Every structure is written in structure tokens, then in C-alpha cells.
Amino acid sequence: NGTGGTGAGGIHYGVLLGGSNVVQISGSGAVNITGNGGSGGSANYGVLLYNSGSITTSGGGAILTGNGGTGTGNNQAGIALLQGSNISDSVGGDITLNGTAGNGSWFNVGFNMSNAPASSITTNNGNINITGTGGNGGNFNYGIRTMAGAQIAATGTGSVQLNGFAGNGTSDNIGITLLEASSVSSNGGGVTFTGIGGTGTADDNKGIVLENGSTVEDFASGNVVLNGTGGNGTANNWGISVLTGSVVSSLNGDLSLTGTGGNGTGNFNRGVYIDGTGTQVSSDQGNIQITANGGTSGSGDQHYGLLVQNSGAVQTVDGNITVNGVGGNAGLYPLGVALVSGRIESTGTGAVSITGQGGAGTYGNWGVFTQNSNSLIAANGGGININGTGGPGIGDFNIGVVVGFESDVIENGTGAITIIGNAASSNLASYGILFQNLGTTIISNGGGISVTGIGDTSITTDAIGVVIGAEAM
């Protein structure tokens, strides 16, 4: 138990372990460390492991509780593992970390793993539970932050659970963020994330962010569950984002992503956002469920429920994919589900089911939308069901389903394709379904195609059930 002192210079740690020093128990005993940062200046960490500092146990596990201090400077972290530090248990002990940041000028992180070489937390048949709560003040008040190849891994039967609660400040108040090829994994016990974005006066107050080739995986039959809720601010307050070659995956287990965009006065408050070449949400022999709700801000545009773009992919082998997306309640194009050069695909026998509800914006409240080359919805025998309902917006073009330029819906096996589109009340062009021109294709290999579109009967012009554009097939 350690408590840092006071002084304007800062760096008043509660507990410090570094310089390749080791706390080790070879029997079944546990390690219990509590650190409280001091006050004044910057970097008043509760508990800090750095420069290959390590804690190793053999069945008893470890409990670390860190409370960051306060000061006029930045970096009042609760718990930090830096520069090749590690915590491990080799014989079934649990590792439990609770970090609460203090309040400072900016960058107040509840739990932080960063600074190369990579730090690690590992168990063998034990569980890993990490809770991080960001502090308040300025930018970058993360609940949990990992980077520089940091590794959190439960081998054997152990599970991993991360709970990240961002603090409040200006911008980038993120519940959980994994950067720079960080990895979180289990081997059958499953992985669960809960990330809650904070409240900021500017952008990027997000629930869960995976970037730069980071991974969240279960290698056996465990499930992977991500629940992310964006915070309040202006723009880009996403519930869950998987970006720049990052991967969420399971083998013989199910995946579940539930994302809710935050409330903001700006644009792009999305529920779930999957973007970039090599970016995947994928399961081999498991099902995928995505539930995505755009932000309910009073202004701004493009508050999508789900957006998959720029070669990002949702895919299974022999598993079902179920997507439910609801657009936000403001501005232009609050789409329920959108694919813009993105893919949703079952390559085995599983079915694909996509349901989209447009939001209540001023224009273009579309339920389901696909556009551009490489946009693909595909199955290999399980069938494809697309059901889109236009949102109750006050403007024009509240269309149920829009299959846009050069996008494809393909059933490669004998399953059927069913597309249902219901328009909502609109001033103009209230179509049930719109197949745009320039290479749009709907192809079945024997299972048949059923298309049902219902236009809005409350208007006197352009209340059309199904519109097939030039060159669509």
C-alpha cells in the first residue's frame, strides 16, 4: 500500500516497480497492491510498472488497485504498464486490475499500457478482469488504453473482461482504445468489452476503438462480445469502431457487437463503424450479431447505425450473420445500414439477414443502402434476407432499400434472396426499393429472387414500390 506525496513538481507515485525488478510468488499466495497518487504537477500515477518491472504468481493471482492523483499538469493515471512490464499467473490464478485516473489538465487514463517494448498481462487457466475509469480535464481521458503491441491473453479456460469508462473533458474521451497492433485474446473462455465514451465539448468521444492492426480474438469455442456507447460532444462520437486493418474474430464461437452512437451537434455519430483494407469482423463456425444505433443528436448529418466501408468486411464460414441497424434522428442521410465498398458475406452454409430502419432526419432516411464497387452482400446456400424501412423524416427520399452503383447481392448456392422495402412518409420520391443504375446486380444461383417494395401512399407523385434504374440487372 503506497501513497504519493505532494509538491508542484509532480511525479508522486503511489507504488513504483521498475528497472527489471520482480515481485514473485512461487507458491499459491496472491499479490495485492494498492497505490494512490499524490498531488501537484503531472504524472501522479497510482501504480506504475515500467522498464521490465514484473509481477509473477503461481495460482494465487494478483489484484492491483490504482488511483491517480491530482495536479495542474497531465497524466494522472490510475495504473500504467510501460516499457516491457508484465503481470502473469501460470497456474489458474486470476488477475484483477482496477485503475481510476485523477483529474489533471489532460491525458488522465484509468488503465494504460504503452511505450515499447510491448508490455503484457497473461494467465494460464485464470481470468483477467480490467476496469479503467478516466479522469476529467482536457483531452484524452481514456478508461483503458493499450498500444505499442501490448498483449492481454488468457490461455487455457480463462476469460478476459475489459470495462472502460471515459472521463469528461474536451475531446477524445474514449472508453476502451486498442492501438498499434495491441492484442486481447482468450482460448475458449471468451472476451467481453464494455466501453462508455465520456462527455466532451468537441469531437471523438467514443465507446470502443480498435486501430492500426489491433486484434480481439478467441481461438477456441469462446464468444467475443463488444458493447460500446459513444459519449456526448460534437462529431464522431462512435459506439464501436474497428479500423485500419484491425480484426475481431472467433473460432467456433459467436461474435456480438452492440454499438450506440453518442449525442452531438456535429456529424458522423455512428453506432458501429468498420473501415479499411484488412479490417474484419469474422467468425469461423460461429454466428455474428451486430446491433447498431446512430446517435440521437439534435443536428449534424450521417448518423448511421452501421457503416462498413473501404473494403472492411463482416464475414463467417458456416455461420449466420444478423444485422440490425437504426439511423439517428437528425440531418441528412441517417441511414440504418450502409455498405460503401464494404462486404457482408457468409462463405459457408450460413444465412445473411440485414434489417435497417432509417432515422428521423431532414433528407435521405434510408433503411438499407449499398454503393460502389466491392460492395457485396453474399451467401453460399443459406439465403439472403434484406428488410429496409425508410425513416419518418420531414424531408424527401425516405426509401426502404437502396442498392446503389455497382453493388452486388449474390447467393452463390441454392438459397433464396428476399428483399423487402417499405417507404416512409415523404414529400418526394417515396420508394419502397430503388435499384440504381451502372452495374447494380442481384443474382441467385437457383434459389430464386423475391422483391417486394411498398411506396408511401400518402403522397400523390413518385410513391413507387420498386424502381429499377438503367443498366441495373
Side-chain angles (χ1 to χ4, degrees), residues 1-2 13-36 45-67 78-100 110-113 117-132 144 146 149-164 176 178 182-194 215-225 250-253:
N1 294 285
Y13 306 139
V15 174
L16 170 65
L17 175 64
S20 300
N21 288 309
V22 178
V23 173
Q24 181 175 1
I25 294 180
S26 57
S28 60
V31 171
N32 194 324
I33 295 174
T34 300
N36 298 288
Y45 297 165
V47 176
L48 172 61
L49 278 66
Y50 85 106
N51 193 19
S52 301
S54 66
I55 297 170
T56 63
T57 58
S58 302
I63 299 174
L64 275 65
T65 302
N67 299 296
I79 298 174
L81 276 68
L82 311 178
Q83 298 171 323
S85 298
N86 67 84
I87 303 171
S88 64
D89 185 283
S90 59
V91 195
D94 296 340
I95 295 174
T96 302
L97 309 177
N98 293 285
T100 302
F111 175 80
N112 185 31
M113 297 176 72
S119 296
S120 65
I121 299 169
T122 58
T123 62
N124 181 24
N125 294 322
N127 302 318
I128 299 173
N129 297 284
I130 302 173
T131 299
I144 295 173
T146 70
Q151 178 189 31
I152 300 171
T155 60
T157 59
S159 64
V160 178
Q161 181 164 339
L162 271 60
N163 300 301
I176 299 172
L178 274 59
S182 296
S183 65
V184 177
S185 65
S186 61
N187 198 42
V191 178
T192 302
F193 281 17
T194 299
T215 58
V216 179
E217 300 174 291
D218 185 280
F219 297 115
S221 57
N223 298 328
V224 176
V225 178
S250 66
L251 176 62
N252 296 318

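Since the model is a prediction, treat every value here as computed from it, not as a measurement. Computed over heavy atoms, backbone and side chain alike; hydrogens, waters and symmetry mates excluded.
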Extract all donor-acceptor atom pairs below 3.5 Å that involve side chains of residues 16-25 and protein atoms in other chains or at least two apart in sequence.
residue, atom, partner, partner atom, Å
Asn21, ND2, Gly18, O, 2.8

Value for CG (Leu162) from OG1 (Thr192), rounded to nearest 0.5 Å, stands at 9.5 Å
In sequence, state the C-alpha distance, the side-chain angles, and the governing distance for Ile55 and Ile33, and then conclude on side-chain contact (heavy atoms from CB on, under 4.5 Å).
CA-CA 10 Å; Ile55 297 170; Ile33 295 174; 3.8 Å; yes
Residues at least two apart in sequence or cross-chain that pass side chain to side chain contact (heavy atoms under 4.5 Å, CB included) with Glu217, listed by chain then number, are Thr215, Phe219, Ser249
Quiz item: In terms of side-chain heavy atoms, does Asn127 have a donor or acceptor partner in Ser159 at a distance below 3.5 Å?
Solution: yes
All heavy atoms of Ser250 vs all of Val224, minimum pair found to be CB-CG2, 4.3 Å
Value for OG (Ser85) from CG (Asn51), rounded to nearest 0.5 Å, stands at 7.5 Å
Closer than 3.5 angstrom, by distance alone: can the side chain of Asn124 be matched with the main-chain N or O of Gly92 as a donor-acceptor pair? no
For Val47 and Thr65 the tightest heavy-atom approach is CG2-O, 3.7 Å
Taking every heavy atom of Ile152 against every heavy atom of Val160, the minimum-distance pair comes out as CG2-CG1, 4.1 Å
In short, Ala150 meets Ala118 closest at the heavy-atom pair N-CB, 4.1 Å
- Got a donor-acceptor contact below 3.5 angstrom from the Thr146 side chain to the Ser182 backbone? no
Exercise. May I ask you to check whether Asp89 and Thr57 show a side-chain donor-acceptor distance below 3.5 Å?
Key: yes
